[in-house]
Amino acid sequence: MNLSPFMKNRIEEVRSRHFLNDRQALPGAKIHICNVEPITQTGPQCGLVALQMAGRMIGLVSKEPSYVFGLAKQLKFTKQGEMFSATQICQFILSGSALLVPYDCDRNFEPTLRNGHSAHWAIIVGFFYIDNDCVDVNVTTSKIDIDDVDNFYVFAYQGKSKHMGLWSYRNLQKSNSQLHEIGPIHNGEEFIHPSSGMEELRLKTVLLEKL
C-alpha cells in the first residue's frame with residue numbers, strides 16, 4: 001500500500017494513542033483504503049467535488065461535478081439515511097460503495113464542533129481499526145468485528161486539500177450530529193437553502209452504490 005510519509009506518521013500517531021502500558025510494542029491494526037484520486041474544489045463546491053470523487057470510486061466515467069450530480073439525481077442511486085454505524089461503514093467500503101458525510105470542518109480539515117457554521121462534505125474512502133491482539137498493520141478485504149468504536153478511524157478526502165485524512169469515527173459522528181445552524185458566511189442570497197435548514201444534513205450520510 002503506497003502511503004505518503006505524512007499518512008505513515010499519522011498512522012503511527014494513532015497507534016501511539018492506543019498504546020497499552022503492559023505491552024512492549026504499539027498495537028496492530030486492520031486497514032483498508034480504496035483507490036481514489038483526490039479533487040480540490042474551486043469556490044463553495046465541496047458537495048459536488050465529494051460527489052465527483054464518489055462517482056470515480058464506484059466506477060463512473062469521470063465527468064464534471066455538475067454532471068455527476070445531475071446523473072445521481074436522475075438514476076436515483078443516492079440513499080440518504082441516519083449516520084451509519086462503524087460496522088456498516090466497513091461493509092459499504094469493502095463492497096465498493098461510496099459514503100459522503102457532512103461535518104463541521106476545522107482549520108486542519110478534521111471534524112470539529114461549530115454548530116454547523118463550517119459545514120463541509122467529505123468522502124469516506126477507507127477504515128483503520130486498532131487491533132490489540134497483534135502488533136502489525138494488516139490490509140484486510142474481509143468483514144471485521146468492531147468491539148470498541150473508539151478504536152475505529154476512517155480515511156477521508158474533502159475538497160479543500162488533496163491530502164487524505166485519518167479521523168476518529170467518534171469525532172466525525174459527533175461533528176455530524178451537531179449541525180444545527182447555517183453559518184453567516186453561507187447565509188447570503190447567493191446560496192439556496194432548504195426550508196428545513198441543517199436538518200437535511202444532521203445525523204445523515206449519503207450512500208452511493210453502482211447500479
Side-chain angles (χ1 to χ4, degrees), residues 1-38 50 53-54 57-58 81-114 120-158 160-178 203-207:
M1 183 174 293
N2 187 19
L3 296 175
S4 68
F6 172 83
M7 183 50 63
K8 290 178 180 178
N9 289 335
R10 176 65 173 145
I11 286 174
E12 292 305 294
E13 187 270 326
V14 168
R15 294 175 68 196
S16 298
R17 292 184 193 176
H18 297 270
F19 177 74
L20 301 176
N21 291 329
D22 58 348
R23 301 186 60 171
Q24 296 181 345
L26 294 178
K30 292 182 173 65
I31 184 174
H32 184 93
I33 304 176
C34 299
N35 184 24
V36 179
E37 181 183 352
M53 284 190 278
M57 182 174 167
I58 64 176
E82 294 181 359
M83 179 70 177
F84 295 115
S85 70
T87 300
Q88 289 173 310
I89 287 176
C90 287
Q91 293 173 338
F92 292 141
I93 290 173
L94 290 171
S95 69
S97 301
L99 285 163
L100 303 180
V101 182
Y103 75 107
D104 262 337
C105 180
D106 208 345
R107 290 184 177 180
N108 63 357
F109 312 126
E110 293 195 9
T112 189
L113 307 176
R114 291 181 178 161
H120 198 58
W121 282 96
I123 176 175
I124 307 302
V125 299
F127 60 81
F128 185 83
Y129 185 58
I130 294 294
D131 185 354
N132 289 307
D133 293 330
C134 68
V135 295
D136 299 317
V137 176
N138 298 308
V139 176
T140 181
T141 57
S142 304
K143 178 184 175 182
I144 63 175
D145 296 321
I146 299 175
D147 299 319
D148 186 350
V149 72
D150 289 324
N151 285 356
F152 186 67
Y153 294 76
V154 293
F155 292 98
Y157 282 111
Q158 45 72 45
K160 292 183 178 180
S161 171
K162 286 194 174 183
H163 295 289
M164 183 169 59
L166 178 56
W167 304 338
S168 159
Y169 167 76
R170 181 78 78 181
N171 289 345
L172 180 61
Q173 187 181 45
K174 289 179 180 178
S175 182
N176 173 269
S177 67
Q178 54 83 66
L203 295 172
K204 293 181 180 178
T205 310
V206 177
L207 168 67

Visitor: When you measure from the side chain of Asp104 to the backbone N and O of Arg114, does any donor-acceptor pair fall under 3.5 Å?
Guide: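 Side chain of Asp104 to backbone of Arg114: a pair is present.
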Visitor: Do you know which two heavy atoms are closest between Arg15 and Leu26, and how far apart they sit?
Guide: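 Arg15 and Leu26 have their closest heavy atoms at NH2-O, 3.6 Å.
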Visitor: Please round to the nearest 0.5 Å and tell me the distance separating atom CG of Asp148 and atom CG of Asn132.
Guide: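 Output value for this atom pair is 8.5 Å.
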Visitor: Leu172 versus Ile124: any side-chain heavy-atom pair under 4.5 Å?
Guide: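 Side chain of Leu172 against side chain of Ile124, heavy atoms only: contact under 4.5 Å found.
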Visitor: Filter on ring-ring contact (aromatic ring centres under 6.0 Å, His included), then keep only pairs touching residues 125-144, sequence neighbours left out; what's left?
Guide: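 Matches after skipping sequence neighbours: His32-Phe127.
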Visitor: Taking 4.0 angstrom as the limit, do Glu13 and Arg17 come out as a salt bridge?
Guide: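 Yes, this pair counts.
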Visitor: Counting heavy atoms not belonging to Phe6, are there more than 12 under 6.0 Å from its CZ?
Guide: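 Open.
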Visitor: Might you point out which heavy atoms bring Cys90 and Phe152 nearest each other, and give the distance in Å?
Guide: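 What the structure gives for the nearest pair is SG-CE1, 3.4 Å.
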Visitor: What pair of heavy atoms forms the shortest contact from Leu207 to Ser97, and how long is it?
Guide: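 Here Leu207 and Ser97 meet closest at CD1-CB, 3.6 Å.
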Visitor: In terms of heavy-atom contacts, does CG of Asn108 have more than 12 from other residues, nucleotides or ligands at under 6.0 Å?
Guide: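 More than 12 heavy atoms, drawn from other residues, nucleotides or ligands, come within 6.0 Å of this atom.
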Visitor: Roughly how far, to the nearest 0.5 Å, is CD1 of Ile130 from NE2 of His18?
Guide: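 His18 NE2 to Ile130 CD1: 4.5 Å, rounded to 0.5 Å.
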Visitor: Please round to the nearest 0.5 Å and tell me the distance separating atom CG of Leu94 and atom CD1 of Ile89.
Guide: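 Those atoms lie 11.5 Å apart.
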Visitor: What are the two closest heavy atoms between Gln178 and Thr112, and how far apart are they?
Guide: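 The pair with the smallest heavy-atom distance is NE2-O, 3.9 Å.
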Visitor: Which atom pair, heavy atoms only, marks the closest approach of Ser177 to Leu203?
Guide: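 The pair with the smallest heavy-atom distance is CB-CD2, 3.4 Å.
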Visitor: Just say parallel, tilted or perpendicular for the rings of Trp167 and Tyr103, cut-offs at 30° and 60°.
Guide: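 Ring orientation of Trp167 relative to Tyr103: tilted.
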Visitor: Working to the nearest 0.5 angstrom, can you tell me the gap between Thr205 OG1 and Gln173 CD?
Guide: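 Reported value, rounded in 0.5 Å steps: 9.0 Å.
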Visitor: For Met7 and Met164, which heavy atoms make the closest approach, and how far apart are they?
Guide: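 That would be CE-O, 3.0 Å.
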Visitor: So, does Asn176 use its side chain to make a donor-acceptor pair with the main chain of Lys204 at under 3.5 Å?
Guide: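 Confirmed, Asn176 side chain pairs with Lys204 backbone.
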Visitor: Is any side-chain heavy atom of Ile31 closer than 4.5 Å to a side-chain heavy atom of Ile11?
Guide: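 Sidechains of Ile11 and Ile31: in contact.
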Visitor: For Ser175 and Asn171, indicate whether the former's side chain and the latter's backbone hold a donor-acceptor pair under 3.5 Å.
Guide: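 Not at all, since once roles are kept as given, no pair shorter than 3.5 Å links the two residues.
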Visitor: Roughly how far, to the nearest 0.5 Å, is CD of Gln88 from CD1 of Ile146?
Guide: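 One finds 10.0 Å between CD1 of Ile146 and CD of Gln88.
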Visitor: Should the heavy atoms of other residues, nucleotides or ligands under 6.0 Å from CZ of Arg23 be counted, would the total exceed 12?
Guide: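 Count over threshold, so yes.
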Visitor: Donor-acceptor pairs are to be reported for all side-chain atoms of residues 133-140 against protein atoms at under 3.5 Å, with residues two or more places apart or in another chain.
Guide:
residue: Thr140; atom: OG1; partner: Ser142; partner atom: N; Å: 3.2
residue: Thr140; atom: OG1; partner: Ser142; partner atom: O; Å: 3.3

Visitor: Would you say Gln158's side chain and Ala50's backbone share a donor-acceptor pair under 3.5 angstrom?
Guide: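 Here the side-chain-to-backbone pair does not exist.
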Visitor: Starting at CG of Leu166, measure out to NZ of Lys8 and round the result to the nearest 0.5 Å.
Guide: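 Interatomic distance, Leu166 CG to Lys8 NZ, rounded to 0.5 Å: 15.0 Å.
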Visitor: With a 4.5 Å limit on heavy-atom distance, are the side chains of Pro27 and Leu20 in contact?
Guide: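 Of all side-chain heavy-atom pairs linking Leu20 with Pro27, none is under 4.5 Å.
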Visitor: Any non-hydrogen side-chain atom of Ile33 less than 4.5 Å from a side-chain atom of Leu3?
Guide: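 In contact.
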Visitor: Under the ring pair (Phe, Tyr, Trp, His ring centres under 6.0 Å) rule, collect the residues that match up with His163, sequence neighbours excluded.
Guide: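 Scan of His163 (ring pair (Phe, Tyr, Trp, His ring centres under 6.0 Å), adjacent residues dropped) gives none.
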Visitor: Are Thr87 and Ser85 close enough that a side-chain donor and a side-chain acceptor fall under 3.5 Å?
Guide: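 Distance-only check fails for Thr87 and Ser85.
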